[in-house]
There are 2 protein chains.
Amino acid sequence: MNEIGSRRRATVHDVARAAGVSLATVDRVLNNRPGVRPVTAQKVEAAMAAIGFQRDLSASLLARGRDLRVVFLLPAGSNEFMGSLAGAVERRAQSSAGERLALELRRLRPLDPEGLARALDGLEPAICDCAVIVGSETPSVLAAVERASRRGVAVVTLVSDLPNSARRHFIGIDNPAAGRTAASLMGRFCPKGAVGVIAGSLALRDHRDRLDGFGAVLAREFPGLQLLGPLESHDEPAQAEALATRLLADHPDLAGIYNLGAGNAGLVAALAASERARAVRVIAHELTPATRAGLDSGAIDVVLDQNPDHEIREALRAAQQCALGSAAPVTTDPIEIGIFLRDNLR
Amino acid sequence: MNEIGSRRRATVHDVARAAGVSLATVDRVLNNRPGVRPVTAQKVEAAMAAIGFQRDLSASLLARGRDLRVVFLLPAGSNEFMGSLAGAVERRAQSSAGERLALELRRLRPLDPEGLARALDGLEPAICDCAVIVGSETPSVLAAVERASRRGVAVVTLVSDLPNSARRHFIGIDNPAAGRTAASLMGRFCPKGAVGVIAGSLALRDHRDRLDGFGAVLAREFPGLQLLGPLESHDEPAQAEALATRLLADHPDLAGIYNLGAGNAGLVAALAASERARAVRVIAHELTPATRAGLDSGAIDVVLDQNPDHEIREALRAAQQCALGSAAPVTTDPIEIGIFLRDNLR
DNA sequence: CAATTTGTGAGGTACGTTCCTCATGACCAA
DNA sequence: TTGGTCATGAGGAACGTACCTCACAAATTG
């Protein structure tokens with residue numbers, strides 16, 4: 001027996017009474033409008049903390065007669081996983097009409113920090129409450145996030161984090177752990193030899209994190225395996241194919257390939273073309289048509305996955321919390337690292 | 001570029017205008033209050049469908065000045081997974097205060113259909129909008145679900161479904177698929193011998209479904225494996241221990257054990273006590289302290305899991321959709337079947 | 001044909017928040 | 001003193017829905 005939520009929730013009126021100010025002043029503080037002395041603002045904040053005031057997001061949206069506007073800035077191009085994410089946004093956009101959520105999806109040129117920065121700079125707080133981005137860790141992007149944040153547009157990073165930026169929250173898997181898991185599996189698959197590592201771009205934080213985790217476990221637990229690379233495919237199938245082909249040709253002792261980026265269609269093509277491929281253990285990321293085909297054919301042994309629908313769902317939860325305004329840390333459910341073999345394809 | 005949700009949403013006023021009736025009548029139809037001729041009601045429904053009216057849940061809750069009340073009826077007792085579910089409810093209750101959700105958790109005597117039926121009968125629509133239950137497929141429970149549903153209390157089944165009942169929705173994994181996955185893994189682990197199957201209770205639909213899926217794949221794909229059982233542990237560790245001990249003692253050709261119910265602490269104890277255990281492949285369900293320990297020690301090879309937090313989250317989404325009243329089918333994200341080996345424990 | 005029931009319309013207040021106008025008093029500089 | 005700015009209070013309308021009362025007409029009943 002565990003009764004919860006019996007007491008009436010505190011409202012702005014309660015805050016006003018507790019702080020000994022008028023409703024108008026509470027409202028000014030809440031929506032940080034000008035015309036409040038710092039002393040008074042502090043009184044109000046203290047009262048809010050004291051009585052545990054929690055602003056009612058839906059009443060707020062109802063009152064201002066508009067939806068919560070979330071803009072997704074995702075890379076376009078050949079990256080199938082980004083396509084899945086976009087699909088998840090669109091699916092979600094259908095059903096979110098009833099929840100006062102207005103989603104907009106923009107696809108940008110991939111691996112183009114300046115383009116992303118420009119897109120971010122174009123988001124005015126009047127049009128967009130929260131931007132959800134996946135981008136690389138470059139000074140131009142970091143600066144644009146900083147500017148958006150100052151302007152009043154909350155930024156949430158998706159898939160690839162920008163840890164030392166003004167972003168409010170990160171939604172994605174624990175990438176170092178994913179790299180470690182890959183290494184742990186690879187080590188069990190093949191006791192010795194060389195393991196080629198292909199990344200998309202080392203400017204992407206998720207790729208760097210996976211690489212670090214992979215390298216650490218390989219070095220610590222599997223001294224028989226030697227890491228080759230990392231090579232950069234720029235997440236392009238053609239480049240991934242070329243790199244994998246070269247790895248297979250140049251290294252007779254190649255025991256495994258870990259593609260921690262995208263471009264898996266190219267990887268699968270390279271493996272299909274080589275007769276040595278069956279002897280090489282392959283681990284890749286993200287369940288997409290290409291990796292499914294790879295698992296089916298036996299070209300790929302394991303796929304580590306992050307569920308796009310989960311990520312979009314949690315990103316929206318984060319956006320809602322950001323819109324609540326307070327500086328309280330955003331909390332979301334962690335995204336799980338899915339492990340798929342040929343037998344448990346969903 | 002994909003702008004969504006630009007047009008103003010339809011309101012009750014729009015419905016009234018479109019149907020050529022007054023606001024009061026729309027309201028009466030919407031909340032099925034008496035005093036509307038069937039013909040008029042149909043006109044209103046038609047108008048709602050025509051202009052795509054979607055009732056605003058939060059405005060509705062705001063207007064009636066109360067939260068959405070959801071009551072969870074979960075089994076008490078030694079079942080660790082049910083404990084995890086309860087924990088997930090409590091975690092969620094903390095954070096859901098801001099979302100006009102009032103959660104209540106009640107723990108009932110496990111495997112007691114009459115107790116569950118009584119608890120359901122005690123839920124008045126004034127107190128509870130939606131009941132989330134995990135219960136067995138018995139006439140008394142089915143009848144109580146029917147009564148609750150008639151009374152205006154929506155019922156959502158969790159973990160274990162009641163397919164031919166008045167329940168509005170089921171939240172849980174695809175249990176036949178889980179059983180098939182277990183069989184597929186078991187078949188790869190051991191080519192021939194006997195596989196003992198332990199269930200909690202065959203009155204539980206999830207256990208029956210897993211058993212059916214397991215048996216089907218075993219029979220179809222692995223003729224070398226012979227299914228022993230199913231035995232019933234009633235989800236009690238002591239009984240599971242006794243059953244496992246007997247399986248190990250009585251069957252020299254025992255190649256594997258599949259425990260598709262709870263009581264894993266007993267299973268692990270039995271395995272620890274037998275020197276043959278290392279030669280027996282073991283698959284169990286739900287990541288709990290007991291199964292974690294089993295994976296760690298090597299007693300258990302694979303754990304198939306359903307994430308309690310995900311299940312509670314989706315159950316609440318289902319409850320919200322039920323509260324919207326309409327007969328539209330409830331849609332939720334599917335719960336994934338998690339596969340855990342020693343190496344990817346989270 | 002009158003009495004009663006039933007279907008429907010009209011209109012109001014409330015929920016918690018936003019955002020507007022208008023009024024008031026304090027303080028400061030010219 | 002006068003005028004100006006600034007912080008604040010008071011009050012109200014609006015958002016979409018719920019739910020209430022009152023009024024009135026049509027349909028049903030005796």
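Chain letters run A, B, ... following the sequence lines, proteins first and then strands; every chain starts at 1.
With sequence neighbours excluded, no residue forms a salt bridge (Lys or Arg N to Asp or Glu O under 4.0 Å) with Asp174(A). Applying the side chain to side chain donor-acceptor pair (under 3.5 Å) criterion to Ser160(B), with sequence neighbours excluded, gives Asp206(B). Take Arg64(A) and apply the side chain to side chain donor-acceptor pair (under 3.5 Å) test, not counting sequence neighbours, and it matches Ser60(A). Evaluation of the side chain to side chain donor-acceptor pair (under 3.5 Å) rule for Glu146(B) yields Arg150(B) as partners, not counting sequence neighbours. A search for side chain to side chain contact (heavy atoms under 4.5 Å, CB included) contacts involving Pro125(B) returns Arg151(B), Val153(B), not counting sequence neighbours. With sequence neighbours left out, the side chain to side chain donor-acceptor pair (under 3.5 Å) criterion links Arg147(B) to Asp121(B).
Under the salt bridge (Lys or Arg N to Asp or Glu O under 4.0 Å) criterion, the residue pairs touching residues 322-334 of chain A are Arg317(A)-Asp333(A), Asp333(A)-Arg313(B), with sequence neighbours excluded. Applying the side chain to side chain donor-acceptor pair (under 3.5 Å) test to residues at least two apart or on different chains, the pairs with a partner in residues 33-45 of chain B are Asp27(B)-Arg33(B). The list of side chain to side chain donor-acceptor pair (under 3.5 Å) pairs with a residue in residues 130-139 of chain B, not counting sequence neighbours, reads Glu137(B)-Arg205(B), Thr138(B)-Ser140(B).
When DNA chain C is scanned 5' to 3' for any atom under 4.0 Å from a heavy atom of chain A, the first and last hits are dG16(C) to dC19(C).
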**Prompt:** Could you write nucleotides 11-27 of chain D as a row of B, S and -, 5' to 3', where a protein heavy atom under 4.0 Å of any base atom gives B, of only sugar-phosphate atoms gives S, and otherwise -?
**Reply:** ----BBBSB--------

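For the pair Val134(A) and Pro75(A), the tightest heavy-atom approach, listed with the atom from each and the gap, is CG1-CD, 3.6 Å.
Computed from C1' positions of five pairs at each end, the angle between the two local axes of the helix from dC1(C)-dG30(D) to dA30(C)-dT1(D) equals 40°, rounded to 10 degrees.
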